[in-house]
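Just below is one structure, and these are the notes that go with it.
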There are 2 protein chains.
Amino acid sequence: MSQKIRIAIADDNTFLLKTVFEKLSFFEDLDSRFHALNGKELLEKFKENQNIDVVLMDIEMPVMNGIEATEILKKRYPQIKVIMLTVFDNDENIFKAIKAGADGYLLKEIDAKDLHDGIVETLNGGAAMTPSIALKTLRLLRNPIEFTNEKDKEEVKLSEREVEVLEQLSKGLSYTIIAENLYLSPSTVRKHIENIYKKLQVHSKIEAVQKAKENKLI
Amino acid sequence: MSQKIRIAIADDNTFLLKTVFEKLSFFEDLDSRFHALNGKELLEKFKENQNIDVVLMDIEMPVMNGIEATEILKKRYPQIKVIMLTVFDNDENIFKAIKAGADGYLLKEIDAKDLHDGIVETLNGGAAMTPSIALKTLRLLRNPIEFTNEKDKEEVKLSEREVEVLEQLSKGLSYTIIAENLYLSPSTVRKHIENIYKKLQVHSKIEAVQKAKENKLI
DNA sequence: AGTCAAATACGGCAAATGGCGTATTGTGTT
DNA sequence: AACACAATACGCCATTTGCCGTATTTGACT
């Protein structure tokens, strides 16, 4: 690459902004050009200065959030790559960002090297995704039904292990088989299921599996 | 991770097989256990030897292809991670593989380090995807094209009464409650369910409800 | 250093479930 | 009339499930 990759960043948190700049500064092929504290500011700066290759875009910002900004930006300058860089990894944000035209979706905990690689890959016509995000996109693809279902549910949180158990439950497996598959004692599996039921407010396998699917927990 | 990651490979091309083995051999935390030349062979080897963490699965194989094999494998051993490793990157294969339950999709041109990283990330609950594949999944998500399975449907026929019972089953109700609702004795409900299981070739409420939904019987 | 949540695990108990055989009644078809 | 089949129903039995209490370990955060 003869030319440096020119980058703009949109983020309202100046501390995180600084962290990102630092990560980028390790690499000589990257050139951090400017930043904005919200979507509107970013778009205004683009009016005078469009020679940017990649935008790293936060989602939660005042005035105009990153998803709206992405939508407008990609419509106006389609050649510019937009990579979401955020702490939020809920399905709705991911899906909205993709719909808005994002070329990648990374989480802020990403290390400098992976960020760099993601930027380069995106410029080369790929897409940047942290593995946990990739998993969620796979799940979204598997259940195309609920794309319409935008309304909020009361955010039931299951632990990772509980989700694993639930996934096995959904295959119709029994406690003992699940225990074997996960290298646990049946007692533990049963306790996990008990806890799942409490969290989901259900009283049987079927109800649990159905509720989990509704809430896209599996 | 104290334990080595145990890997099985399915690929009909022995040359490519060797290449993959070589790539894996660079890493001390990876343990290539066995390989198979097609999906059927893989499943047979799994019958005796299931202590595998990750399967690297080719798509085009004789006898049984990688997508069918993935579907069966993931149903039988849901905890095992399956990563497609193939030269084919067309939308249909990607989508089918994801539907079949693949946990990742990598292209064979991948270098050793990225392959290793992908395996580890997948084990850690993420998903492995080469950037070009990630891009295609994003596009698939953006386009609300209905990829609903046109094929299969073995036309299982249930009687009216059986459908009624099944509908109640799907609400998560017990035999006795269903009996009350339909003005039947619990024995009858159980017999109906027994017959339903036989027709659907399943062995539990959950499986029955899921199969019925797949076949749009309820 | 202390707290907390999560993951692990056991035992007990009542109810539900899944699989088997058997039997009677009605209904429609050959 | 004979036959097939769905719907109804009971009993037996082993296993699974749902619910309860309790307990230890570990890792994360304060």
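The shown structure was predicted, so the numbers you read here are calculated from the model rather than taken from an experiment. Labels below follow one simple rule: chain letters A, B, ... track the order of the sequence lines, proteins then strands, and each chain is numbered from 1.
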Whole-Å gap separating [atom2] ([N]) and [atom1] ([X]):
{"X": "Tyr175(B)", "N": "dG11(D)", "atom1": "OH", "atom2": "P", "value": "17 Å"}
{"X": "Ile177(A)", "N": "dT15(D)", "atom1": "CD1", "atom2": "P", "value": "13 Å"}
{"X": "Ile178(A)", "N": "dT15(D)", "atom1": "CD1", "atom2": "P", "value": "18 Å"}
{"X": "Gln201(B)", "N": "dG18(C)", "atom1": "CD", "atom2": "P", "value": "16 Å"}
{"X": "Lys198(B)", "N": "dG21(C)", "atom1": "NZ", "atom2": "C1'", "value": "10 Å"}
{"X": "His203(A)", "N": "dA15(C)", "atom1": "NE2", "atom2": "P", "value": "17 Å"}
{"X": "Arg190(A)", "N": "dA14(C)", "atom1": "CZ", "atom2": "C1'", "value": "12 Å"}
{"X": "Leu200(B)", "N": "dG18(C)", "atom1": "CG", "atom2": "C1'", "value": "15 Å"}

Can a donor-acceptor pair be found, under 3.5 Å and without considering hydrogens, that links the side chain of [X] to the backbone of [Y]?
{"X": "Lys23(A)", "Y": "Ile110(A)", "answer": "yes"}
{"X": "Thr122(A)", "Y": "Gly118(A)", "answer": "yes"}
{"X": "Asn38(A)", "Y": "Met61(A)", "answer": "no"}
{"X": "Glu71(A)", "Y": "Ala97(A)", "answer": "no"}
{"X": "Glu162(A)", "Y": "Leu158(A)", "answer": "no"}
{"X": "Asp103(A)", "Y": "Val82(A)", "answer": "yes"}

Nearest-0.5 Å distance, OG1 of residue Thr130(A) to CD of residue Glu109(A) |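 Going from OG1 on Thr130(A) over to CD on Glu109(A), the span is 7.0 Å.
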
To the side chain of Glu194(A), which of dC10(D), dG19(C), dC19(D) is closest?
->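 Within the option list, the nearest is dC19(D).
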
With respect to the side chain of Ser187(A), which nucleotide from dG18(C), dG18(D), dC10(C) is positioned closest?
->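 Nearest nucleotide to the side chain: dC10(C).
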
Begin with the C-alpha distance, continue with both residues' side-chain angles, and end with the deciding distance and a verdict on ring-ring contact (aromatic ring centres under 6.0 Å, His included) for Phe46(B) and Phe34(B).
-> CA-CA 10 Å; Phe46(B) 259 92; Phe34(B) 62 81; 5.7 Å; yes

Would you say dG18(C) has OP1 or OP2 under 4.0 Å from some side-chain N or O of Tyr197(B)?
->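 Answer yes for this pair, as a side-chain N or O of Tyr197(B) is under 4.0 Å from OP1 or OP2.
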
I'd like a list of close polar pairs between nucleotides 3-7 of chain C and the protein, N/O only, cut-off under 3.5 Å.
unit_1: dA7(C); atom_1: OP1; unit_2: Ser159(A); atom_2: OG; d: 2.8
unit_1: dA7(C); atom_1: OP1; unit_2: Arg161(A); atom_2: N; d: 3.3
unit_1: dA7(C); atom_1: OP2; unit_2: Ser159(A); atom_2: OG; d: 2.5

Closest approach of Asp11(A) and Leu37(A), non-hydrogen atoms and distance?
->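 Minimum heavy-atom contact is O-CD2, 3.3 Å.
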
If a protein heavy atom is under 4.0 Å from the base, mark B; if only from the sugar-phosphate, S; if neither, -; do that for nucleotides 22-30 of chain D going 5' to 3'.
-> B--------

